[in-house]
*Asks:* 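Sharing a structure here in structure tokens format.
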Amino acid sequence: MSIAVNAGSIRLNKTQPAIRLTPRPVLQVRSSHSEKKKILFVTSELTDLIKTGGLADVSAALPRALGTLHDVRVLIPGYTQVLRSGHAIRVVGSLGAQAEIPACRIGRMDMPDGLIIYVLICPELYERDGNPYGDGHGNDWPDNPVRFARLCLAAAEIAAGTACIRWTPELVHAHDWPTGLTPAYMHWRGLRTPSVFTIHNLAYQGNIDMSLRRALALPHEACGVERMEFYGKLSLLKAGIAYASHVTTVSATYAQEITTEEFGCGMEGFLRMKARQGLLSGLLNGIDESWEPQSDPHLVRGFSACDWQGKAANAAYVRQAFGLEADASPLFAVVSRLVQQKGIDLTLGVAETIVANGGQLAILGQGEPHIEEEVRELARRYPGRVAAHVGFNEHDARRLFAGSDFLLMPSRYEPCGLSQMYAQRYASLPIARRTGGLADSIEDGLTGFLFDQPSVDSYRHAVLRALEIHQRPDLLCAMRCRAMATGFFWRHAIAPYDHLYQQLLGVHREAAHAIS
């Protein structure tokens, strides 16, 4: 007798062996030109050195993946954490002051795996306690406009070949609002070097007062409505969108969503124009090769598809470490920033359903203080069934992915999301809202469960579907195996980036030839 989740899902006949799924084949990506191109990544964080979110993971992994095709180097501010990372830094260049942007030096850091990182050394801007964007109390640094203008101006000067570092990029790839002025400064200097600007989260826009125009050495044209002006302010994010040769975001669905009023954060009209011009693309993120359940040193015990003893060992660790009762109930996990975007309030709303149906919930994350307290209160209400660790460490996060049966991601919006990819790789089936990269990376009823509305009722229905599957071991095993085989690794994701780079470099070559 066959059983199924729903139409189009996995079907199993109990008289037949379990479905055997093979991993997605590795794409042998080759550049369309044999010569490696010089590409500069500009970012405000990088996992090896300093991290606040997914941008750091992308900034660390994508240049390395592209390194098989191109000479990719990274530019990052010299925060205290970067300078104290233990990696040697030697000064290779210097830049002068401009307007209220101070002078700085450029250091070179060579990572053990060969990645070259240029570090912007400017003590008055970057050497302070806190994170890249603010102090330890959640307050933004008041001089952030100058801090990140210095980063962007440095990138433009490196692209112009005036930074004295003996390496000039042929293409510059800038990431999110802190680097948004990079394509703009390049344009204002008359550079023809192509640029790519990636929106990782449109909600963070870097909006600043118009009065800062002269302090940041911005020409009057920057104040135009089709340039940086945004409801009476100047937007660093909009600068990247306006001046870059091409704009990308981190999933195809999110690229469509941000052209709508619901997700456009006030920039939907501007982004629709870019889309009509063919200048907006959605390229799905990936994960790095360290997400390997058989060999991950963070795990209590490794495991492979359809061999769940190691997964059970990690689940036992999670229950003990989080103070949950030791049983075989369905284990749900949250590994997330505790912020409104992530729909944590919706998870609070379905927690009673999880507990009432015999499930357990382990929460790991930090974020907005009032949400942190609500999470603690939930754990107090259901001792032994719900537990929360406010904070974050990679060790417990990976064991949660490996030990849990289901990962909860009810995001109100999610440009890409990486946690669902980590979870699938470790056979934890994500339960997520059908939005952004979640819609692009989860096959409903096959590698996870999707729901449509950002409401407790819609979410609860997906949770109940998951609980039902947990009672069907053959089907649960098949879904886990399929999820593990998805393999959203960066080695699969670099082909669209290489194609875009080659396209932009080709246009640049044609333009240069026409001029000559």
Side-chain angles (χ1 to χ4, degrees), residues 42 44 52-53 55 77 98-102 125 131-135 137-153 155-156 174-189 195-249 254-277 279-280 339-341 368 412-413 415:
V42 191
S44 57
T52 68
L55 170 61
Q98 187 166 345
E100 294 185 18
I101 302 172
L125 295 184
N131 66 50
Y133 316 108
D135 59 26
H137 304 289
N139 303 307
D140 289 346
W141 298 118
D143 60 345
N144 271 346
V146 174
R147 296 173 74 238
F148 293 116
R150 175 67 279 177
L151 173 65
C152 299
L153 184 58
H175 295 265
D176 245 359
W177 71 266
T179 69
L181 281 172
T182 299
Y185 283 134
M186 291 171 63
H187 174 82
W188 296 326
R189 277 155 181 71
S195 61
V196 176
F197 180 67
T198 295
I199 303 167
H200 292 263
N201 191 333
L202 188 66
Y204 298 94
Q205 301 176 339
N207 298 329
I208 63 175
D209 195 89
M210 280 274 189
S211 63
L212 291 171
R213 180 178 69 83
R214 290 185 175 83
L216 303 185
L218 310 182
H220 189 268
E221 75 156 66
C223 301
V225 68
E226 293 189 359
R227 297 300 187 181
M228 289 180 65
E229 191 276 335
F230 186 64
Y231 294 96
K233 292 183 176 292
L234 295 174
S235 170
L236 304 185
L237 183 93
K238 191 177 178 186
I241 299 170
Y243 287 100
S245 307
H246 196 91
V247 180
T248 70
T249 190
Y254 191 62
Q256 297 170 351
E257 289 177 339
I258 60 176
T259 64
T260 69
E261 185 175 351
E262 180 180 0
F263 296 99
C265 301
M267 294 191 184
E268 58 272 9
F270 194 56
L271 289 162
R272 279 197 297 270
M273 179 184 71
K274 291 292 179 180
R276 286 195 298 268
Q277 295 170 341
L279 301 179
L280 174 63
V339 296
Q340 195 267 350
Q341 174 209 333
E368 297 170 10
R412 286 181 164 81
Y413 65 93

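In this text the structure is predicted, and so the values were computed from the model without any measurement.
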*Asks:* Between Tyr254 and Leu202 (side chain of the first, backbone of the second, donor and acceptor by atom type, cut-off under 3.5 Å), is there such a pair?
*Replies:*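 Indeed, once roles are kept as given, a pair shorter than 3.5 Å links the two residues.
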*Asks:* Any salt bridge (Lys or Arg N to Asp or Glu O under 4.0 Å) pairs touching residues 205-219, not counting sequence neighbours?
*Replies:*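 Qualifying pairs, neighbours excluded: none.
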*Asks:* Please step through side chain to side chain contact (heavy atoms under 4.5 Å, CB included) for the pair Ile208 and Asn144, ending with a clear verdict.
*Replies:* CA-CA 9 Å; Ile208 63 175; Asn144 271 346; over 6 Å; no
*Asks:* Contact between Pro102 and Val146 at the side-chain level, heavy atoms closer than 4.5 Å - yes or no?
*Replies:*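 Counting from C-beta outward, Pro102 and Val146 do come under 4.5 Å.
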*Asks:* Are any of the side-chain heavy atoms of Leu218 and Leu234 separated by less than 4.5 Å?
*Replies:*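 SC-SC contact between Leu218 and Leu234 confirmed.
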*Asks:* Please output the side-chain donor-acceptor pairs of residues 264-272 that fall under 3.5 Å, not counting sequence neighbours, one pair per line with the distance.
*Replies:*
unit_1, atom_1, unit_2, atom_2, d
Glu268, OE1, Gly266, N, 3.1
Arg272, NH1, Thr259, O, 2.8

*Asks:* Ser235: which residues meet the side chain to side chain donor-acceptor pair (under 3.5 Å) condition with it, sequence neighbours left out?
*Replies:*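 Here the qualifying residues are Asn207.
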*Asks:* Heavy-atom distance under 4.5 Å between the side chains of Leu181 and Leu236, does that happen here?
*Replies:*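 Answer yes - side chains close enough.
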*Asks:* State whether the number of non-hydrogen atoms from other residues, nucleotides or ligands found under 6.0 Å of Glu100 atom CD is greater than 12.
*Replies:*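 Count not over threshold, so no.
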*Asks:* What's the shortest heavy-atom distance between Pro145 and Leu216, and which atoms?
*Replies:*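 Where Pro145 meets Leu216 most closely, the heavy atoms are O-CD2, 3.7 Å.
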*Asks:* Once side-chain contact (heavy atoms from CB on, under 4.5 Å) is applied, do any residues pair with Gln98, and if so which ones, sequence neighbours excluded?
*Replies:*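 Partners of Gln98 by the side-chain contact (heavy atoms from CB on, under 4.5 Å) criterion, ordered by chain and then number, come out as Leu153, Arg189, Ala217.
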*Asks:* Without swapping roles, check the side chain of Lys238 against the backbone of Gln205 for a donor-acceptor pair under 3.5 Å.
*Replies:*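 No.
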*Asks:* For residues Thr182 and Ala155, report the shortest heavy-atom separation together with the two atoms involved.
*Replies:*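 Looks like CG2-CB, 3.7 Å.
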*Asks:* Kindly write out the residues that satisfy side-chain contact (heavy atoms from CB on, under 4.5 Å) with Gln256, not counting sequence neighbours, or none if the list is empty.
*Replies:*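 Here no residue qualifies.
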*Asks:* I'd like to check the side chain to side chain donor-acceptor pair (under 3.5 Å) partners of Ser245; sequence neighbours left out, ordered by chain and number.
*Replies:*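 Partners of Ser245 under the side chain to side chain donor-acceptor pair (under 3.5 Å) test: none.
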*Asks:* Just jot down the side chain to side chain donor-acceptor pair (under 3.5 Å) partners of Thr249, sequence neighbours excluded, or say none.
*Replies:*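 Here no residue qualifies.
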*Asks:* Taking all heavy atoms of Ile241 and all of Lys274, pick out the closest pair and write down the distance.
*Replies:*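 Minimum heavy-atom contact is O-CE, 3.2 Å.
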*Asks:* Does Asp143 have any side-chain contact (heavy atoms from CB on, under 4.5 Å) partners at least two apart in sequence or in another chain, and if so, which?
*Replies:*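 In terms of side-chain contact (heavy atoms from CB on, under 4.5 Å), with neighbours along the sequence ignored, Asp143 is linked to Leu125, Arg128, Trp141, Arg147.
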*Asks:* Run the side chain to side chain donor-acceptor pair (under 3.5 Å) test against Thr52 and tell me which residues pass, sequence neighbours left out.
*Replies:*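 Testing Thr52 for side chain to side chain donor-acceptor pair (under 3.5 Å), a comparison that skips the adjacent residues, returns Glu45.
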*Asks:* For the residue pair Met228 and Ala239, what are the closest heavy atoms and their distance?
*Replies:*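 Where Met228 meets Ala239 most closely, the heavy atoms are CG-CB, 3.5 Å.
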*Asks:* Return the set of residues passing side-chain contact (heavy atoms from CB on, under 4.5 Å) with Asn139 (not counting sequence neighbours), or none when no residue passes.
*Replies:*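 If we apply the side-chain contact (heavy atoms from CB on, under 4.5 Å) test to Asn139, skipping adjacent residues, the hits are Asp135, His137.
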*Asks:* So Tyr133 and Trp177, would you call those rings parallel, tilted or perpendicular, with 30° and 60° as cut-offs?
*Replies:*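 Tilted: the ring planes of Tyr133 and Trp177 meet at 30° to 60°.
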*Asks:* Rounded to the nearest 0.5 Å, how far does CG of Leu280 lie from OG1 of Thr248?
*Replies:*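 Between Thr248 OG1 and Leu280 CG, I get 8.5 Å after rounding to 0.5 Å.
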*Asks:* Sorted by first residue and then second, give each salt bridge (Lys or Arg N to Asp or Glu O under 4.0 Å) pair with at least one member in residues 226-237; sequence neighbours left out.
*Replies:*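 Only Glu221-Arg227 qualify under salt bridge (Lys or Arg N to Asp or Glu O under 4.0 Å).
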*Asks:* To check you understand the geometry: which heavy-atom pair defines the closest contact between His175 and Thr179, and what is its length?
*Replies:*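 For His175 and Thr179, the tightest heavy-atom pair comes out as N-OG1, 2.7 Å.
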*Asks:* Indicate the atoms forming the closest heavy-atom contact of Pro183 with Ser195, along with that distance.
*Replies:*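 Smallest interatomic distance, heavy atoms only, reads CB-OG, 3.6 Å.
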*Asks:* Walk me through it: do Ser44 and Leu55 pass the test side chain to side chain contact (heavy atoms under 4.5 Å, CB included)?
*Replies:* CA-CA 8 Å; Ser44 57; Leu55 170 61; 3.6 Å; yes
*Asks:* With sequence neighbours excluded, give me every ring-ring contact (aromatic ring centres under 6.0 Å, His included) pair touching residues 220-248.
*Replies:*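 Of all non-adjacent pairs touching residues 220-248, those that pass ring-ring contact (aromatic ring centres under 6.0 Å, His included) are His187-Tyr243, Trp188-Tyr243.
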